[in-house]
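Structure record follows, encoded as structure tokens.
Values in this document were obtained by computation on a predicted structure and should not be read as measured data. Read the numbers this way: they start at 1 and go in the same order the structure lists the ligands and their atoms. Residue numbers start at 1 and run along the sequence shown.
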Amino acid sequence: MRIVLLGAPGAGKGTVAKQLTGYDGSVQISTGDILRNAVKAGTELGKTAKGFMERGELVPDQLIMDIMEARLKDPDCQKGFLLDGFPRTIPQAEALKKLLAKLNIKLDRVINLDVPKDVILDRLTTRRTCSNVDCQEIYNIKSKPPTPDGKCIKCGSPAVQRADETEEAITKRLETYNEKTSPLINFYEKEGLLKSISSLSSEEIVAQVKAAIG
Ligand code: ADP
Ligand code: ZN
């Protein structure tokens, strides 16, 4: 499948994408994960992205497009991909449209995860992420806790709060979403690609995505 996952921070894009990758060999492409790995590795990209990310602001569009153009050309994307956290702005969506046309790739669907604001806020403050870059399993201290001493169940590394998950950065990320990303719902509606899903259970969302893709 070739899909875009849209939704506010905390809507569950990453969780759903991870569950869908096993379905038909499609790969998850998370610009957030790519950027966090670059920050950890201390690459040029990471050095540029770090400040924007910690403040809850978006990384400049051109930087993201360079990453995505290279990534979508990787051979493992042949079977399909799930874009998680990209596009994030109208210019990114327009650039993606051009890029896909150039690569002769057609999107199947754009899935919008429509989650109420109070649920989003609660999820973001209780979220923990495995600190092992090769794992990055997502936990929630209420609904899906790590081990009692805060370790990842899969790999044993500490499950930690992300640097951009302070209350201030979360508020900023939600503002950024409302201002820059939510207009994409309309954009993809007009493109005839949008499917909104308002379920809160990732299993149910996964089932609905599979049904929509056919
Ligand atoms: P979220 O949980 O907020 O959806 P992500 O892991 O997708 O988190 O992204 C974390 C941060 O990485 C964002 O706040 C932003 O700074 C940066 N980022 C990720 N994807 C993009 C993108 N497509 N365009 C610009 N910045 C991005
Ligand atoms: Zn782990």
Which one of Glu57, Gln136, Glu165 has a non-hydrogen atom at the shortest distance from atom 16 (O) of ligand 1?
Glu57

Basic-acidic side-chain contact under 4.0 Å: Lys142, Asp122
yes

What do the steps show when you test Gln136 against Asn37 for side chain to side chain donor-acceptor pair (under 3.5 Å), and what is the final call?
CA-CA 10 Å; Gln136 310 204 44; Asn37 292 345; 3.1 Å; yes

By the definition side-chain contact (heavy atoms from CB on, under 4.5 Å), identify the one residue from Ile185, Asn178, Leu184 that meets it with Thr181.
Leu184

Would you say Val206 and Tyr23 make side-chain contact, with heavy atoms under 4.5 Å?
no

What's the shortest distance from atom 20 (N) of ligand 1 to any protein heavy atom, and which residue and atom give it?
Thr31 OG1, 2.8 Å

Mark up the atoms of ligand 1 that fall under 4.0 Å of a heavy atom belonging to Gly85, in ascending order.
20 (N), 21 (C), 22 (C), 23 (N)

Which is it for Val59 and ligand 1 at heavy atoms under 4.0 Å: side chain, backbone, both or neither?
both

Please report, to 10°, the angle around the Zn ion (ligand 2) from atom SG (Cys152) across to atom SG (Cys155).
110°

Any ion pair linking Lys73 and Glu69 (charged N to carboxylate O, less than 4.0 Å)?
yes

Is there a heavy atom in Arg36 that sits closer than 4.0 Å to ligand 1?
yes

Any ion pair linking Arg173 and Asp164 (charged N to carboxylate O, less than 4.0 Å)?
yes

Could you tell me if Glu137 and Asn132 have a donor-acceptor pair between their side chains, going purely by distance under 3.5 Å?
no

Does Ile64 approach ligand 1 within less than 4.0 angstrom via side chain, backbone, both or neither, non-hydrogen atoms only?
side chain

Under 4.0 Å between heavy atoms, the region of Arg162 that gets near ligand 1 turns out to be side chain

Salt bridge check, Asp76 against Arg71: does any charged N sit closer than 4.0 Å to a carboxylate O?
yes

Where the closest heavy atom to atom 24 (N) of ligand 1 is concerned, which of Arg123, Lys172, Gln92 has it?
Gln92

Angle at the Zn ion (ligand 2): provide the value between SG of Cys135 and SG of Cys130, rounding to 10 degrees.
110°

Shortest protein contact, atom 17 (C) of ligand 1 (heavy atom only)
Leu35 CD1, 3.6 Å

Nearest heavy atom to atom 5 (P) of ligand 1, choosing from Arg88, Arg173, Arg127, Lys13, belongs to Arg88

Atom 12 (O) of ligand 1 sits nearest the protein heavy atom Met53 CE, 3.4 Å

